[in-house]
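Okay, so here's the structure we're looking at.
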Amino acid sequence: MPPPLKLLTLVVAASAFSRIPNPTPNPEPHISEVGSAVVGTKETTLSPLKPAPNSLCSPDPDLLAWDTGPELPQIDVPQTYKGWLKVPILHDQPSLKELGIPLGYTAVRVAVMTKCAKGAKPILTHCGGPASGNECLIVDHFESTKHLLGNGMYDNLAITQRGIEKSDVSHDTDDDSPVPFKQDDGKTPVKRFPAIACYRFSSVYAIRAVKSAYEFAGLNWASIAAKLEKAMQSSYPATYMQMDKELVQLYAELVQAASIECRQHPDYQLGTNLVRGQMVYQDFMGTVDLAHDLDILRRAIGAEKLSIWGVSYGTEVGASYASIYPARVDKLILDGNVAISSEIYAAAELWALSYEETWNGLSAACTADFFTMVGPTGSVNIVSDADRLDQCAAAPYPSQKLTAKLDKDGDAKLDDLVEASVIFNMIMGMLEHMGAHGVDPIGSMLFACVQSYFQTGGFESEGCSWEVNTADPSFNLERHLSNSAIWNVTSRVHQDVALVRAVDMKGRLSPSGLSNLWSQLIDKHPFGFLRAANILLIGTAANLPRPVPPYGSALDTLAPLIIGQFGDPATTYTAAQVMQQNFKNGVLLSWQGYKHGLPMMSGLSDMASTNFHSAGYGAAECTDKMAKYLETGELPANGDVCPINGPAAGALGKGGQSNAGSADEHGKVLTTATLLATLLLFDESLLEASATAAAYRACAAFFAAFPAAVAADASPAFPANITY
């Protein structure tokens with residue numbers, strides 16, 4: 001044992017622990033030696049000096065280092081800081097080190113918004129994906145929760161998930177801040193977990209590899225190559241291929257070749273051994289890995305418990321952490337619960353059902369909209385053009401219209417894959433936008449585009465705004481394969497969802513097996529099957545899975561708030577119900593709106609706000625209940641439903657939500673998609689106009705002249721009868 005430290009040594013050491021540690025590669029060491037003091041002429045041994053406890057603003061320097069540390073005393077307003085978290089590459093098999101095969105440590109980016117207030121509780125927010133980064137600091141984004149940061153009750157943490165390429169809070173795509181940690185040898189630098197990028201299905205490498213496989217197996221490549229070339233000439237090659245049984249098998253073969261090549265990439269290698277075989281970074285970027293990383297983050301900041309607020313896939317992150325570490329969870333919010341299974345067949349069904357349910361719900365609302373014009377005699381009763389503006393443009397029967405248009409010969413097959421891929425991409429794009437921003441005005445635009453396509457075969461009619469990708473009719477497959485830039489990095493993409501799910505989900509299928517599964521999905525969910533497209537990548541992935549555990553906890557103290565939306569395009573409402581069954585002490589709070597997760601918008605309670613209409617009238621009620629749970633721990637009653645205050649059809653007409661308060665106070669709200677989208681560029685909160693066809697035509701004329709005015713650098717004049 002080293003000799004006791006003298007008093008002077010103790011004073012210096014104590015002063016080192018009274019300040020914020022400077023996050024450098026060589027942090028202050030912990031002091032464990034016994035000190036001594038001189039009393040008169042006699043030397044007295046002192047008890048061991050204990051280091052100050054770790055906190056968010058003074059974390060364990062061996063685990064967490066902020067780029068620039070917060071300064072005490074308490075900061076007046078919440079500030080954002082970024083840093084590095086040191087984590088084991090593999091959490092759950094320490095025996096590998098005993099076998100002489102240590103994987104060591106890696107580092108991931110984290111961020112926090114904090115006031116460094118004494119007693120503040122940490123809450124980790126995850127925005128889903130999988131692709132959420134450390135920019136997901138959402139407590140400050142909700143009007144009902146931002147005060148919890150301002151009053152110092154909470155510190156908001158976020159983490160960039162392993163392998164994900166994501167901009168962080170400074171909007172840097174790849175932050176160049178150096179990782180400050182060393183491996184156990186004290187010399188080897190710890191490297192950040194790389195952002196994994198694999199070849200596209202259409203890359204030169206993937207097509208060359210599959211061509212070689214066909215030729216080696218003695219199969220007819222020329223026949224399938226001709227179909228592939230036609231698909232590549234279309235506006236949406238992937239969708240084109242996913243709509244044809246033979247081509248979807250080729251698509252699966254191409255992504256399989258790309259996945260296997262990705263495992264050979266030199267930047268992703270971790271070594272080979274008899275215990276695990278070839279090891280690559282992709283094997284250690286699952287949801288369970290992330291859950292263990294979060295617990296290291298909790299330890300690094302000295303917190304006894306961690307609250308988690310997960311949205312979308314973030315609900316799986318929160319549920320996994322709570323299932324593995326139930327005693328370490330304070331509050332748990334699971335919003336927009338993802339319908340997921342750790343088994344391939346069930347997952348494909350659940351994903352396809354989310355689009356199918358939302359489309360059918362909107363389609364039914366659109367058709368119901370038509371019958372509001374039917375009088376007591378059963379005949380259509382349209383009083384004026386203005387009344388028709390309030391109706392869903394594709395009413396009645398939008399689904400039947402699309403089917404009739406796409407199946408020209410009545411054989412229940414898509415006759416023109418080029419045409420079908422365009423219309424289905426339009427529907428997918430609209431539903432994804434609706435999931436992010438709400439039903440108004442995207443609902444009215446969606447059905448205006450359906451009607452435009454039904455009537456004209458295009459998307460140029462009134463109320464529709466959808467730009468089709470440029471096709472490439474000159475694409476030549478042989479010329480493509482002769483490209484010498486086979487290793488061009490632009491051919492690689494970050495397939496975040498597939499990479500994480502491939503670790504989480506059990507089950508692999510041959511390309512022909514996937515083709516059969518896909519054919520069944522198309523028959524069962526003709527409008528929703530494309531939502532499950534990632535199954536084609538996951539099902540052919542080359543790695544061995546490490547699935548998440550079944551969700552749930554028997555702890556009475558763990559009572560999460562589980563939130564579901566009736567019209568969520570990204571998942572099913574059933575998923576929220578199942579999550580509540582898994583966590584039996586939790587409660588289910590529902591919102592009638594069309595969106596993926598509760599809206600992070602201002603003005604939800606203000607009738608003079610555009611967001612008031614986009615998100616639905618009852619969204620603020622749900623966010624207030626969520627905030628109360630965070631602040632007091634009080635849960636709403638199980639089964640509470642926040643209203644949208646009106647049928648969804650009210651947001652499907654060309655006029656969008658028809659009333660903002662009374663007509664006398666606010667007039668008619670015109671929210672055609674093009675009008676609102678452009679007004680938002682001017683930060684207008686509300687557009688009011690008289691409910692007449694003349695006003696609508698005036699707006700249309702304005703937008704017809706708008707591009708020329710902008711090109712001429714002129715200020716376009718709004719129609720005279722528009723108040724803004």
Side-chain angles (χ1 to χ4, degrees), residues 21 23-25 27 54 56 59-67 81-97 101-112 122 124-126 129-134 136 157-166 168 174-175 177-186 188-196 267-271 276 279-303 306 308 310 314 316-318 320-322 324-325 328 496 499-500 503-504 546 548-549:
T24 65
N54 295 318
L56 187 140
D60 183 339
D62 292 330
L63 298 176
L64 176 61
W66 300 119
D67 295 348
Y81 302 94
K82 299 178 295 176
W84 290 104
L85 180 70
K86 177 184 172 183
V87 295
I89 294 174
L90 176 62
H91 287 274
D92 53 358
Q93 290 195 18
S95 60
L96 286 181
K97 185 173 182 180
I101 318 163
L103 287 177
Y105 297 90
T106 186
V108 293
R109 290 294 274 171
V110 293
V112 66
L124 185 287
T125 49
H126 195 289
S132 180
N134 62 58
C136 179
L157 290 153
I159 188 169
T160 297
Q161 192 166 350
R162 295 178 175 210
I164 303 303
E165 178 69 17
K166 190 72 176 177
D168 60 19
D174 186 17
D175 196 290
S177 174
V179 177
F181 306 116
K182 303 291 184 185
Q183 299 288 354
D184 286 341
D185 61 9
T188 307
V190 170
K191 297 179 181 178
R192 69 181 300 166
F193 201 102
I196 308 298
D267 290 349
Y268 307 152
Q269 301 304 305
L270 287 168
R276 296 184 65 94
M279 297 182 296
V280 295
Y281 277 101
Q282 293 94 305
D283 294 334
F284 308 108
M285 54 184 293
T287 303
V288 170
D289 297 304
L290 176 56
H292 291 311
D293 290 349
L294 295 184
D295 201 57
I296 289 180
L297 178 58
R298 178 196 61 79
R299 287 164 43 201
I301 62 176
L306 178 68
I308 298 182
E316 297 179 64
V317 176
S320 294
Y321 183 84
I324 298 171
Y325 300 107
R328 299 173 189 173
D496 301 330
L499 287 166
V500 173
V503 179
D504 289 353
R546 295 162 52 240
V548 298

For Tyr325, what residues pass the ring pair (Phe, Tyr, Trp, His ring centres under 6.0 Å) criterion, not counting sequence neighbours? His292, Tyr321
Please list, chain by chain and in numerical order, all residues satisfying side chain to side chain donor-acceptor pair (under 3.5 Å) with [X], sequence neighbours excluded.
| X | answer |
| --- | --- |
| Tyr268 | none |
| Gln282 | none |
| Thr287 | Tyr313, Asp504 |
| Gln269 | Gln278 |

Looking at [atom1] of [X] and [atom2] of [Y], how far apart are the two atoms once the value is rounded to the nearest 0.5 Å?
| X | Y | atom1 | atom2 | answer |
| --- | --- | --- | --- | --- |
| Leu297 | Leu306 | CG | CG | 7.0 Å |
| Leu157 | Thr125 | CG | OG1 | 8.0 Å |
| Ile159 | Cys136 | CD1 | SG | 11.5 Å |

Donor-acceptor pair, distance only, cut-off 3.5 Å: does the side chain of Thr160 make one with the backbone of Asn134? yes
Check Lys86 with Asp60, please: is the shortest side-chain N to carboxylate O separation under 4.0 Å? no
Under the side-chain contact (heavy atoms from CB on, under 4.5 Å) test, which residues partner [X], sequence neighbours left out?
| X | result |
| --- | --- |
| Ala300 | Leu63, Leu64, Leu85 |
| Asp267 | His265 |
| Pro189 | Lys182 |

Side-chain contact test, heavy atoms from C-beta onward, threshold under 4.5 Å: evaluate it for [X] versus [Y] and give yes or no.
| X | Y | result |
| --- | --- | --- |
| His91 | Ile296 | yes |
| Trp66 | Val110 | yes |
| Pro130 | Val317 | no |
| Val108 | Leu290 | no |

Closest approach of [X] and [Y], non-hydrogen atoms and distance?
| X | Y | result |
| --- | --- | --- |
| Phe193 | Tyr281 | CZ-O, 3.2 Å |
| Thr106 | Arg192 | OG1-C, 3.4 Å |
| Arg298 | Ala303 | NH1-O, 2.8 Å |
| Val190 | Tyr105 | CG1-O, 3.7 Å |
| Val112 | Leu56 | CG2-CD1, 3.6 Å |
| Ala158 | Gly133 | CB-O, 4.1 Å |

Decide side-chain contact (heavy atoms from CB on, under 4.5 Å) for Ile196 and Met285; before the verdict, give the C-alpha distance in whole Å, the side-chain angles of both, and the deciding distance to 0.1 Å. CA-CA 10 Å; Ile196 308 298; Met285 54 184 293; 3.9 Å; yes
Leu294 vs Arg328, side-chain contact (heavy atoms from CB on, under 4.5 Å): CA-CA, chis, key distance, verdict: CA-CA 11 Å; Leu294 295 184; Arg328 299 173 189 173; over 6 Å; no
side-chain contact (heavy atoms from CB on, under 4.5 Å) for Asp62 and Phe181? Distances and angles first, verdict last. CA-CA 7 Å; Asp62 292 330; Phe181 306 116; over 6 Å; no
By salt bridge (Lys or Arg N to Asp or Glu O under 4.0 Å), Asp293 pairs with (sequence neighbours left out) Arg162
Taken in chain and number order and not counting sequence neighbours, the residues that satisfy salt bridge (Lys or Arg N to Asp or Glu O under 4.0 Å) with Asp289 are Arg546
